[in-house]
Amino acid sequence: MDFALSEEQQMMIETARKVGEAFGPDYWRAKDADKAFPVECWQAVCDSGLAGAMLPEDLGGAGLGMVEVALIIEELCAAGAGATLAQVFMLNPIFGGVSVAKYGTDQMKADWLPKLCTGEMQFCMALTEPDAGTNSLELRTTVVPDGDGWRLNGQKIWITGVPQSHKMLVVTRSTPIDQAPKKTHGISLFMIDTDREGVSHAAIDKLGTNTLPSSQVFFDNVRIEADELIGDLDKGWHQLLDVLNTERIVTTAGLIGAGRLAIRLGVDYAKERRVFGDRPIGSYQSLQFPLAQHWAELEAAKLLNLKAASFFDNGLPFGSESNAAKLIASQATSAVAEQSMQVMGGMGFSKEMHVERLWRDARLFRFAPVSEEMILNYIAMVNLGLPRSY
C-alpha cells in the first residue's frame, strides 16, 4: 500500500493551491456577504483544467480519478474557500459529470461534458422533498407517460445552485411505490433544462453557505423528452447511489480543506496574541490540545476518504468508507472552526477573522447531504451486522 503521491498528483495539488490562493478568504467573505455565486473562482477552476479532472480526455477532461478530485478539492478549500467550494464540485463534476459519464447516452456525453469542463454549462440535482428527506424511496414527485416522453409533477426542497444551473438531474418515481415489486424499483433519473415551462423555484433564506443558493423547486406538468432519461427507466436507484456516495467523497474533501484552514487561522492568531506577559497564547496547552486533537481527526478522515476514492476508482464498494469519512470530517471541521473562534476570543466572532464563516458553513454538513444519525444507522447495520432500527 503506497501512500506517496505521484509527481503528477503533486503538480495537480500545486495548481489547485495556486488557484485557491488567488481567491483567498477575503474574496469568499465578500461573496458570502453579497450572497453571490463565486463565478470568477469557478471559471478559474475550469480554466486550469481542474473541473474535468475525472472526466474522459476525449470529452475535455483529464482522465484521472476520484482520488485526484479529492486532493484537488481539499487544496482549493484549504486555500480560502472553506467547505463551500466543494459544493460547486458536487453540482458539476458529480451531479452532472458522474451521472452523464456513467449513465448518459453518447450524445449527452458529447454535448454536455466538454461544456462542463470549460465552465459553459452548470448542473444541479433535485432529490430532497418536503416529505422525503433522508428517505428517498418515499418520493412524491412523479412522472407519467405522455406520448414518447413523460409529464413531471411534484416539489423539491433544499436544492443547491438552481439559478446558476443549465441542467437539472431530477430524481422521481416512474412507478408508484404501492405498485412496485420492491421499494427500490420505480425510481428514474432525468436530466432536464432548468429553464423550462412548468419549472419554478424560490430561494430559501439560511444561516450559511450563502455563496450558493438553496431553493424550493416546483414541477407543474413539465414535459420530459424520451432522450432526457439517464440510465434505465425504473432502475435508477442504484445509479443514484453511485452519485450520492461520490457526493460524500467530495463533501468530505471540502470539509478537510476547511478544517485545515480553520486550524491555520487559529494557530496563526495564537502565535501572535499575547495577553499575560510576553508568552503567546499558543503556548498554553489548553489551546494547543483541542487544535491538535482536531488535526488528528482530520488526518484520519482524509485517509478514510482517499480509501473510499481509491475503491471507487477501482470499481470496489466504497459506501462504508465514504460514510465514515464524512461522519468524522463533519464533526471535526465543525468543532475546529468553533475552537478557532474560541482561541480568538471576541475577535473570533467578527467577520474580519473569517472563522465565523467557516463555522457557519461547516455546520450544514453534520446533517447534509446525509445526517450523522443515518450514517451511524448504516454503519450499525452494514458493518456491525445489527438489526435495522428504523
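Predicted, not measured: the structure shown is a model, and the values here were computed from it. Side chains are part of it too, since the values below use all heavy atoms of this structure and drop only hydrogens, waters and symmetry mates. Sequence positions, counted from 1, serve as the residue numbers for this chain.
- A donor-acceptor pair under 3.5 Å links the side-chain atoms of Q288 to the main chain of G282, judged by distance alone.
- A donor-acceptor pair is defined here as one N or O able to donate and one able to accept, closer than 3.5 Å; such a pair exists between the side chain of S350 and the backbone of M347.
- Using modelled atom types and a 3.5 Å distance limit, the side chains of Q342 and E338 yield no donor-acceptor pair.
- For the pair M191 and F123, the minimum side-chain heavy-atom distance is below 4.5 Å.
- For the pair D26 and R29, the minimum side-chain heavy-atom distance is below 4.5 Å.
- Pairing each heavy atom of G254 with each of I73, the nearest pair is N-CG2, 3.6 Å.
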Go through it in stages, so that I can follow the logic: the residues are D232 and H238, the test is side chain to side chain contact (heavy atoms under 4.5 Å, CB included), and I'd like the CA-CA distance, side-chain angles, deciding distance and then a yes or no. CA-CA 10 Å; D232 300 316; H238 294 290; over 6 Å; no
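- The side-chain heavy atoms of K31 and E40, taken from C-beta on, include a pair separated by under 4.5 Å.
- For T246 (side chain) and V243 (main-chain N/O), a donor-acceptor pair under 3.5 Å exists by modelled atom type.
- Residue D178 places its CG atom among more than 12 non-hydrogen atoms of other residues, nucleotides or ligands, all under 6.0 Å distant.
- In this structure the side chain of L116 never reaches within 4.5 angstrom of the side chain of K167, judged on heavy atoms.
- A cation-pi arrangement, defined by a distance under 6.0 Å to the six-membered ring centre and an angle within 45 degrees of its axis, is absent between R363 and F365.
- In this structure, a donor-acceptor pair under 3.5 Å is present between the side chains of E120 and T118.
- With sequence neighbours left out, Y103 forms a side-chain contact (heavy atoms from CB on, under 4.5 Å) with I230, Q239, D242.
- Between F218 and V199 the shortest side-chain heavy-atom distance does not fall below 4.5 Å.
- In this structure, the separation between CH2 on W28 and CG on N210 is 12.0 Å, given to the nearest 0.5 Å.
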Apply the test salt bridge (Lys or Arg N to Asp or Glu O under 4.0 Å) to residues R196 and E228: give CA-CA distance (whole Å), side-chain angles for both, the deciding distance (0.1 Å), then the verdict. CA-CA 13 Å; R196 175 168 293 184; E228 292 178 317; 2.6 Å; yes
Assess whether salt bridge (Lys or Arg N to Asp or Glu O under 4.0 Å) is satisfied between D58 and K109, documenting all intermediate values. CA-CA 10 Å; D58 60 343; K109 296 173 187 178; over 6 Å; no
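- In this structure E74 satisfies the salt bridge (charged side-chain N to carboxylate O under 4.0 Å, His left out) test together with R260, K302, sequence neighbours excluded.
- Ring centers of F318 and F312: under 6.0 Å apart, within the cut-off.
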Kindly determine whether D234 and K182 satisfy salt bridge (Lys or Arg N to Asp or Glu O under 4.0 Å), including the steps that lead there. CA-CA 11 Å; D234 282 336; K182 54 183 179 179; over 6 Å; no
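- For the pair R140/D131, a side-chain contact is recorded, criterion being any heavy-atom separation below 4.5 Å from C-beta on.
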Output, in order, the C-alpha distance, side-chain angles, deciding distance and verdict of side chain to side chain contact (heavy atoms under 4.5 Å, CB included) for E373 and Y390. CA-CA 11 Å; E373 292 80 7; Y390 59 94; over 6 Å; no
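- I204 has its side chain within reach of I157: a pair of non-hydrogen atoms, C-beta onward, lies under 4.5 Å apart.
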Criterion side chain to side chain donor-acceptor pair (under 3.5 Å) on S48 and T15, from CA distance to verdict: CA-CA 8 Å; S48 66; T15 298; over 6 Å; no
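- Shown here is E225, whose CD atom has more than 12 heavy atoms of other residues, nucleotides or ligands within 6.0 Å.
- Residues F89 and V45 meet the side-chain proximity criterion, which asks for heavy atoms closer than 4.5 Å.
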